[in-house]
Structure formats: structure tokens, C-alpha cells
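Structure record follows, encoded as C-alpha cells.
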Amino acid sequence: MKKVLREITNYRRFNTLKRSFVLIVFLVSLLSACNTNNNDLTFVGEGENWSAEVTVHQTNGEETYQFQLNNKGNNLREIDTFRYFVESKNNEVINHSVNDATLNQEGIHYYKSLSSNSPSTSAEDELVIKVEWNDTSESFDLRSK
């Protein structure tokens, strides 16, 4: 009988330890998820020949940028390379340019900036982009969506 009681007591202790362990793992994972500070801002705009989207990724004290330009025309073969400049209107936080950019078959150019800054872009900012191709240029504003 004593042996059965000892096994029951050990079983209860084991279950208590198991529950405590699961609770600790849950709390640690919850706290680490709360610690990650992610924020994405997306700025969009379009002109007569181009549309653009700039995504600003703000993660754990750093800010990186992703650019997408879409040519709206039907003459994609006429554009070998182009260049563009993106900058903030209000605070010079974003100041980025690409020379010799190319379009894929769908007329889209993607670029992800590897450089980073401390997060300072906000949804209230306005960006302006200037695209130059084949002795032609177009500028338009990008606003947060």
C-alpha cells in the first residue's frame, strides 16, 4: 500500500513539474514575441508612365527599404535601362538612387536596399520619385497607404 501511495505522490509531483515547465515556456515565448518591434510603412503613387511602391521595414531599431517600380506602357523593349531617385519631401530621411535599373518581362523593377538607418520614417512623410529613361523623365509623389 505504501508503495502505491508513493507512486501516486510521485505522479502528482511529476504532473505539477510538467505543468510548471509548460507554463514557463509559454511565458518566455510570449515575452519574446512582445519584445520584437516590427512596423512596415508602404508609400504608393503613380504618374503617367510609371507607378511605384516603397516599403519601409522598421524592425528592432533599424529601417530598410524595398522599392518596386512598374512601367505602365506597352513598349517595354524600348527601355533597356533607366534610373530613379527617391527622397523624402519633408526630412531627407530617405535619399536613394539607382542607376542602370532594368525591368523584368512584366515591366516591373524590384530593389531591396541592404543599407539601414535608425527608424525615422513615419506615415505622415511624403516621398517623391523621379524616373529617367530614354531622354525622358517623370516625377510624382508617393503617399502612405
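The figures here come from the full heavy-atom set of this structure, side chains too, leaving out hydrogens, waters and symmetry mates.
Using a 30° and 60° split on the angle between ring planes, Tyr111 and Phe67 fall in the tilted class, from 30° to 60°.
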Going by atom type alone, with no hydrogens or angles, which donor-acceptor pairs under 3.5 Å involve a side-chain atom of residues 95-104 and a protein atom two or more places apart or on another chain?
unit_1 : atom_1 : unit_2 : atom_2 : d
Asn104 : OD1    : Glu106 : N      : 2.9
Asn104 : OD1    : Gly107 : N      : 3.2
Asn104 : OD1    : Ile108 : N      : 3.0
Asn104 : ND2    : Glu106 : OE1    : 3.4

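Contacts of Phe43 classified as ring-ring contact (aromatic ring centres under 6.0 Å, His included), with partners at least two apart in sequence or in another chain: none. Judged as a side-chain contact (heavy atoms from CB on, under 4.5 Å), and not counting sequence neighbours, the contacts of Ser51 are Glu46, Asn70, Lys72. A search for side-chain contact (heavy atoms from CB on, under 4.5 Å) contacts involving Glu78 returns Asn75, Asn134, not counting sequence neighbours. Annotation: side chain to side chain donor-acceptor pair (under 3.5 Å) contacts of Glu124 (sequence neighbours excluded): Ser122. In this view, Lys130 and Phe85, Glu132, Ser137, Ser139 satisfy the side-chain contact (heavy atoms from CB on, under 4.5 Å) rule, not counting sequence neighbours. By the ring-ring contact (aromatic ring centres under 6.0 Å, His included) test, His57 pairs with no residue at all, sequence neighbours left out. Scanning for side chain to side chain donor-acceptor pair (under 3.5 Å) contacts around Asp125 gives Asn91, with sequence neighbours left out. Every residue meeting the salt bridge (charged side-chain N to carboxylate O under 4.0 Å, His left out) condition with Glu126, not counting sequence neighbours, appears here in chain and number order: Lys89, Arg143. Remark: Lys112 pairs with no residue by the side chain to side chain donor-acceptor pair (under 3.5 Å) rule, at least two apart or across chains. Taking the side chain to side chain donor-acceptor pair (under 3.5 Å) definition, one finds that Glu63 meets it with Gln58, Tyr65, Thr121, sequence neighbours left out.
Side-chain contact between Val128 and Phe140: absent, with no pair of heavy atoms (C-beta onward) separated by less than 4.5 Å. Residues Val54 and Thr42 form no side-chain contact, since every pair of their non-hydrogen atoms from C-beta on lies 4.5 Å or further apart. Proximity of Trp133 to Arg83: side-chain heavy atoms (C-beta onward) are nowhere separated by under 4.5 Å. For the pair Gln66 and Glu53, the minimum side-chain heavy-atom distance is 4.5 Å or more. A 4.5 Å side-chain heavy-atom check between Ile129 and Val131 finds at least one atom pair inside the cut-off. Counting heavy atoms from C-beta on, the side chains of Leu127 and Ser88 come closer than 4.5 Å. For the pair Leu76/Asn71, a side-chain contact is recorded, criterion being any heavy-atom separation below 4.5 Å from C-beta on.
The backbone N or O of His109 sits nowhere less than 3.5 Å from a side-chain atom of Gln68 that would complete a donor-acceptor pair.
Distance CG/Asn49 to CG/Leu69: 12.0 Å, rounded to 0.5 Å.
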Check: Between Thr55 and Leu41, is a side-chain contact (heavy atoms from CB on, under 4.5 Å) present by the stated rule, with each step listed?
Finding: CA-CA 6 Å; Thr55 304; Leu41 301 171; over 6 Å; no
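The two residues Ser144 and Ala123 have their closest heavy-atom pair at CB-O, 3.2 Å.
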